[in-house]
Amino acid sequence: MSEPVIAPAPKDFIREIVEEHNRTGRFGGRVRTRFPPEPNGYLHIGHAKAIAIDFGLARDYGGDCNLRFDDTNPVKEETEFVDAIMDSIRWLGWDWGDRLFFASDYFQQLYEWAQDLIRKGKAYVCDLSAEQVREYRGTLTEPGRNSPWRDRSVEENLDLFARMKAGEYPDGTRTLRAKIDMAHPNFNMRDPVMYRILHAEHHRTGGEWCIYPMYDWAHGQSDSIEGVTHSLCDLGYEDHRPLYEWFCNSLGIYCPQQIEFARLNVTYMILSKRHLRRMVQDGIVRGWDDPRMPTLVGMQRRGYTPAAINDFLERVGVSKANTTVDIQLLEHCVREDLNRRAPRVMGVLRPLKVVITNWPAGEVEWVEAVNNPEDEAMGTRRIPFSGELYIERDDYREDVPKGWFRLGPGREVRLKHGYYIRCDEAVRDAQGEVIELRCTYDPESGGGTTPDGRMVKGTLHWVSASHAIDAEVRLYDLLFTKADPNDVADGEDFTANVNAQSLTVLAGCKVEPGLAEAKGGDRFQFLRQGYFCLDPDSQPGLLVFNRTVGLKDTWAKLQKK
RNA sequence: UCGGGGGUCGUUCAACGGCAGGACAGCAGCCUUUGGAGCUGCGUAUCGGGGUUCGAAUCCCUGCCCCCGAGCCA
């Protein structure tokens with residue numbers, strides 16, 4: 001697979017099963033998986049887990065993984081989503097080669113197979129309304145009743161089914177159903193609907209069809225056609241496995257092995273396409289790629305890397321237990337990755353001017369600064385030091401509490417990569433607000449120390465006033481819900497539980513001149529403040545602050561509430 | 001109530017009849033030319049009750065708890 005290189009995943013229960021199959025020769029040692037998204041939204045980190053499992057398994061066992069869009073419900077699906085999904089999978093580092101498929105490619109085959117089932121007396125056209133079907137289905141404890149249309153002749157069924165396809169009937173008036181067992185304890189086996197009538201434009205087949213296959217009637221057969229060996233899906237499909245197998249076996253076609261695993265849940269994170277779509281539709285966020293969104297495109301804009309996400313997924317592991325992972329694990333992975341690879345730069349969010357009174361007038365010294373103290377290979381950069389600088393407003397206090405090592409009246413600090421400065425005087429405006437600090441520097445403190453071995457405990461970041469570029473910094477908090485994401489209900493209550501408003505724009509920030517040459521999407525670590533990402537879609541100088549990753553204790557505080 | 005699936009530190013994943021371990025979180029300390037980093041240290045977790053066994057998280061019986069399932073969604 002393409003970079004980043006992802007190490008083989010540790011053994012999990014799925015791999016045990018695959019190895020057992022390899023030992024017994026069930027699939028002749030072959031492994032073929034598939035990732036089958038419905039193109040009705042953007043991918044989020046929950047999908048990334050399925051992707052890592054599907055593609056990772058194939059890679060580690062010398063097989064391959066197909067990308068197949070499960071596009072059997074035209075009213076929800078769009079080409080925009082198809083493209084976005086492919087982009088996100090590639091971004092994560094996976095490659096499906098030339099094995100791109102669509103369930104809609106199989107509509108004709110599925111139709112013919114349905115006719116086979118009718119001829120075998122295993123499917124029938126049912127005239128019951130949706131409501132009636134529900135009534136006939138029975139309940140958890142009571143068996144269902146047979147549809148009055150269950151025993152039509154093969155000829156009549158074939159004829160009616162052909163007319164359904166021909167568009168002779170309105171939506172919802174008839175269905176094709178599998179004839180299984182209305183008393184089966186598993187609802188999926190109580191004569192499930194195979195086709196519904198839907199006069200709708202499909203994003204790929206247009207108006208060619210007016211009957212569309214249901215998930216159960218399409219999925220297993222699609223897997224079978226593609227020669228999939230292991231069809232991995234989430235726990236929600238456990239009850240569907242008997243039907244999956246019933247269809248393949250009734251058709252007499254090759255039957256893959258369906259294996260279910262637990263989907264990913266993360267504390268505070270909304271991982272439901274239905275809810276995320278609503279966030280977008282209602283304008284609560286700016287789009288699927290809003291940095292607050294838990295979508296992969298959103299995380300990409302936040303500055304999360306594929307490597308960090310894949311690392312997270314690997315640490316989460318795979319099991320059948322229904323669990324919720326602490327969001328702090330994700331953020332640890334992102335922080336660890338970014339700390340290693342993000343170049344450091346300096347910038348001040350709320351500038352306070354510093355004038356160095358003994359600095360030679362008009363002189364500029366270009367000092368050398370390491371880009372990443374943990375990785376020499378990242379090199380150095382030259383940054384301008386001059387007689388007028390900006391420091392962080394928070395780095396100066398009149399009342400210096402115990403343990404305060406930063407600037408205060410008469411205090412001396414080190415400027416990162418620069419010199420020691422001592423604060424001589426604070427200039428105030430009419431309101432008494434400090435607007436400027438007048439300081440003196442020690443010319444002998446260039447290397448960060450002085451010949452007399454004087455110790456300063458504080459080190460501040462800064463930028464040269466005349467060289468700094470203006471930046472707008474946007475502070476985003478990850479979209480989160482205070483409620484258990486699984487309890488988030490539909491309706492008004494939902495948005496009330498979401499912190500979607502947490503976008504803060506800080507104008508007038510000053511950053512190092514070198515940032516102007518950076519490309520959108522580049523990640524930086526601002527000293528002390530955390531991680532920033534140049535917004536790929538905006539003008540240079542616009543920075544997205546990855547607040548939850550930069551501020552480690554955000555979630556910890558939340559948890560204490 | 002019927003069917004399916006789960007139950008191991010706070011969280012998550014291991015251990016597959018042989019000393020219950022890792023990661024994250026947390027706590028304590030150290031360190032630092034800012035890194036919310038790093039280093040060091042800290043652990044009474046096998047749902048309960050029986051049974052088999054020299055030995056059980058693991059096998060058997062039994063009870064309890066949790067999740068999913070009654071779309072012409074996927």
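If you're wondering where the values come from, they're calculated on a predicted model, not measured in any experiment.
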Decide if the gap between the ring center of [X] and the ring center of [Y] is smaller than 6.0 angstrom.
X	Y	answer
A:H21	A:H230	yes
A:F532	A:F524	no
A:Y215	A:Y237	yes
A:Y212	A:F107	yes
A:Y531	A:F526	no

Measuring to OP1 and OP2 of [N], would you say a side-chain N or O of [X] lies under 4.0 angstrom away?
X	N	result
A:R335	B:rC24	no
A:R137	B:rC72	yes
A:R196	B:rA74	yes
A:T72	B:rA74	yes
A:R241	B:rG5	no

When the [atom1] atoms of [M] and [N] are compared, how many Å lie between them, rounded to an integer?
N	M	atom1	result
B:rU62	B:rG21	C1'	31 Å
B:rG63	B:rC24	C1'	34 Å
B:rA25	B:rC61	P	41 Å
B:rG49	B:rG41	C1'	39 Å
B:rU1	B:rA70	C1'	14 Å
B:rA14	B:rG22	P	16 Å
B:rU8	B:rA57	P	15 Å
B:rC30	B:rC19	P	38 Å

message: By nearest heavy atom, map A:V456 and A:H240 onto RNA chain B; which one lands nearer the 5' end?
response: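 Going by which nucleotide is closer to the 5' end, it is A:V456.
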- request: Specify the residue among A:T141 and A:R344 whose closest nucleotide of RNA chain B lies further upstream toward the 5′ end.
  value: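 Nearer the 5' end of the strand: A:T141.
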For [X], which contact category applies under a 4.0 Å heavy-atom criterion: base, sugar-phosphate, or nothing?
X	answer
A:Q525	sugar-phosphate
A:H184	nothing
A:R190	nothing
A:L264	nothing
A:E142	nothing
A:Y237	base

Distance, rounded to the nearest Å, where [X] contributes [atom1] and [N] contributes [atom2]:
X	N	atom1	atom2	answer
A:F261	B:rG6	CZ	P	15 Å
A:D326	B:rG10	CG	P	14 Å
A:I180	B:rA70	CD1	P	16 Å
A:D337	B:rG36	CG	C1'	17 Å
A:F532	B:rG35	CZ	P	14 Å
A:F524	B:rA37	CZ	P	21 Å
A:R145	B:rA70	CZ	P	19 Å
A:E336	B:rG36	CD	P	15 Å

Between [X] and [Y], does any side-chain donor sit less than 3.5 Å from a side-chain acceptor?
X	Y	result
A:E374	A:N372	no
A:T175	A:R196	no
A:R414	A:S445	no
A:T380	A:E368	yes
A:E77	A:N40	no

Between N or O atoms, less than 3.5 Å apart, protein on one side and nucleotides 13-17 of chain B on the other: list the pairs.
{"from": "B:rC13", "atom 1": "OP1", "to": "A:S319", "atom 2": "OG", "distance (Å)": "2.4"}
{"from": "B:rA14", "atom 1": "OP1", "to": "A:V318", "atom 2": "O", "distance (Å)": "3.4"}

- prompt: Which of these nucleotides, B:rA25, B:rG35, B:rA23, is closest to any side-chain atom of A:Q328?
  reply: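 It is B:rA25.
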query: Among B:rG5, B:rC24, B:rA70, which nucleotide sits nearest the side chain of A:E238?
result: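 Of the options given, the side chain of A:E238 lies nearest B:rG5.
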task: With the side chain counted from C-beta on, respond yes when A:I118 and A:Y124 share a heavy-atom pair under 4.5 Å apart, and no when they do not.
output: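 Result no, sub-4.5 Å side-chain heavy-atom pair not found.
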task: State, yes or no, whether a side-chain contact exists between A:Y106 and A:I225 at a heavy-atom distance under 4.5 Å.
output: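 Yes - at least one pair of side-chain heavy atoms lies under 4.5 Å apart.
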query: What stems, by residue range, does RNA chain B take part in, given at least 3 consecutive Watson-Crick or G-U pairs under 3.5 Å?
result: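 The stems are B:2-7 with B:64-69, B:10-13 with B:21-24, B:26-30 with B:38-42, B:47-51 with B:59-63.
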Tabulate atom names and distances for all N/O pairs under 3.5 angstrom spanning the protein and nucleotides 64-69 of chain B.
{"from": "B:rC67", "atom 1": "O2'", "to": "A:N322", "atom 2": "ND2", "distance (Å)": "3.1"}

task: For A:F81 and A:F69, run ring pair (Phe, Tyr, Trp, His ring centres under 6.0 Å): C-alpha distance rounded to whole Å, both residues' side-chain angles, the deciding distance at 0.1 Å, then the answer.
output: CA-CA 10 Å; A:F81 298 136; A:F69 287 93; over 10 Å; no
field: side-chain hydrogen bond (donor to acceptor under 3.5 Å, both in side chains), paired with A:Y42, selected from A:H47, A:E80, A:K273
entry: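 By the side-chain hydrogen bond (donor to acceptor under 3.5 Å, both in side chains) criterion, A:Y42 pairs with just one of A:H47, A:E80, A:K273: A:E80.
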query: Pick one for B:rG71: is it syn, with its angle within 90° of 0, or anti?
result: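 Base orientation: syn.
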message: Show, in sequence, the C-alpha distance, side-chain angles and deciding distance for A:Y420 and A:Y441, and conclude whether the ring pair (Phe, Tyr, Trp, His ring centres under 6.0 Å) test is met.
response: CA-CA 6 Å; A:Y420 285 17; A:Y441 88 109; over 10 Å; no
